[in-house]
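Input: a single structure, listed below in structure tokens.
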Amino acid sequence: QVQLVESGGGLVQAGGSLRLSCAASGSIFRVTAMGWYRQAPEKQRELVAHLSSGGSTNYADSVKGRFTISRDVAKNMVYLRMNSPKPEDTAVYYCAISTLGNNYWGQGTQVTVSS
């Protein structure tokens, strides 16, 4: 039974910083990638940050240079550091882990950036 639980969301001022955390539990094998997605009202879910099992990263153009994805293998954690967030970053942020056979999603955590 795989479970991903996001935390760290909340209200942050524009120009501040925030770190989202994703705690993974259960049996997860043959991980190919980890990522953070977000969905704002009336918009489709979009990829924010991607971390492959080999360690390579990719970011949406809108967050490149401001957000950083990382992991702590020992703690089974995935993080998203959000520096200099903007009001347009306001969304529900979802953690995801992909394996050769499945995609797993967390329930999401709300991030609201005030101007």
Side-chain angles (χ1 to χ4, degrees):
Q1 192 172 13
V2 175
Q3 186 176 29
L4 306 181
V5 180
E6 300 97 337
S7 63
L11 178 65
V12 62
Q13 292 183 337
S17 66
L18 195 68
R19 188 181 73 165
L20 306 183
S21 299
C22 173
S25 63
S27 298
I28 306 178
F29 301 101
R30 311 187 81 172
V31 174
T32 59
M34 293 143 285
W36 287 92
Y37 294 73
R38 68 186 181 189
Q39 187 167 22
E42 300 182 343
K43 296 183 66 177
Q44 293 185 337
R45 186 174 299 185
E46 65 172 339
L47 176 67
V48 177
H50 177 274
L51 175 62
S52 74
S53 59
S56 62
T57 58
N58 284 287
Y59 299 91
D61 289 341
S62 60
V63 308
K64 191 172 298 182
R66 299 186 296 118
F67 292 6
T68 303
I69 186 172
S70 62
R71 67 177 297 189
D72 186 326
V73 177
K75 296 181 179 180
N76 294 328
M77 300 286 289
V78 184
Y79 305 100
L80 183 70
R81 169 64 70 181
M82 305 171 60
N83 291 330
S84 301
K86 305 174 181 179
E88 52 263 43
D89 294 320
T90 295
V92 177
Y93 283 72
Y94 299 89
C95 175
I97 295 178
S98 295
T99 69
L100 289 178
N102 290 288
N103 297 316
Y104 303 99
W105 295 88
Q107 293 299 304
T109 184
Q110 175 71 48
V111 173
T112 302
V113 183
S114 62
S115 60

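Two residues are said to be in side-chain contact when any heavy atoms from C-beta on lie closer than 4.5 Å; Tyr104 and Met34 fail this criterion. Residues Cys22 and Trp36 are in side-chain contact: their nearest non-hydrogen atoms beyond the backbone lie under 4.5 Å apart. The side-chain heavy atoms of Glu6 and Leu20, taken from C-beta on, include no pair separated by under 4.5 Å. Side chains of Thr32 and Thr99 form no contact here, defined as non-hydrogen atoms less than 4.5 Å apart. Inter-residue side-chain proximity for Ser70 and Leu51 is flagged as unmet; no heavy-atom pair is nearer than 4.5 Å. Within the 4.5 Å cutoff, the side chain of Thr68 has no heavy atoms near those of the Leu80 side chain. Looking at heavy atoms from C-beta onward, Gln39 lies in side-chain contact with Tyr94 at the 4.5 angstrom threshold.
The two residues Asn103 and Ser98 have their closest heavy-atom pair at OD1-OG, 2.9 Å.
In terms of modelled atom types and a separation under 3.5 Å, the side chain of Tyr59 and the main chain of Ile69 share a donor-acceptor contact.
Asn83 and Ser17 share no donor-acceptor pair across their side chains, judged by distance under 3.5 Å alone.
Cluster partners of Tyr79, by chain and number: Met77. The rule joins Ile, Leu, Val, Met, Phe, Trp and Tyr whenever side-chain heavy atoms lie under 4.5 Å apart.
For Glu46, the CD atom is densely surrounded, since the number of other residues' heavy atoms within 6.0 Å is greater than 12. For Gln107, the CD atom counts as loosely surrounded, since its 6.0 Å shell holds 12 or fewer non-hydrogen atoms of other residues, nucleotides or ligands.
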Please table the atom pairs, donor to acceptor, closer than 3.5 Å between any side-chain atom in residues 86-93 and protein atoms at least two apart or in another chain.
from  : atom 1 : to     : atom 2 : distance (Å)
Asp89 : OD1    : Arg38  : NH1    : 2.9
Asp89 : OD1    : Arg66  : NH2    : 3.2
Asp89 : OD2    : Arg66  : NH1    : 2.8
Asp89 : OD2    : Arg66  : NH2    : 3.4
Asp89 : OD2    : Lys86  : N      : 2.7
Thr90 : OG1    : Pro87  : O      : 2.9
Thr90 : OG1    : Val113 : N      : 2.9
Tyr93 : OH     : Arg38  : NH1    : 2.9
Tyr93 : OH     : Asp89  : O      : 2.6

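Ser52 meets the side-chain hydrogen bond (donor to acceptor under 3.5 Å, both in side chains) test with Ser56; sequence neighbours excluded.
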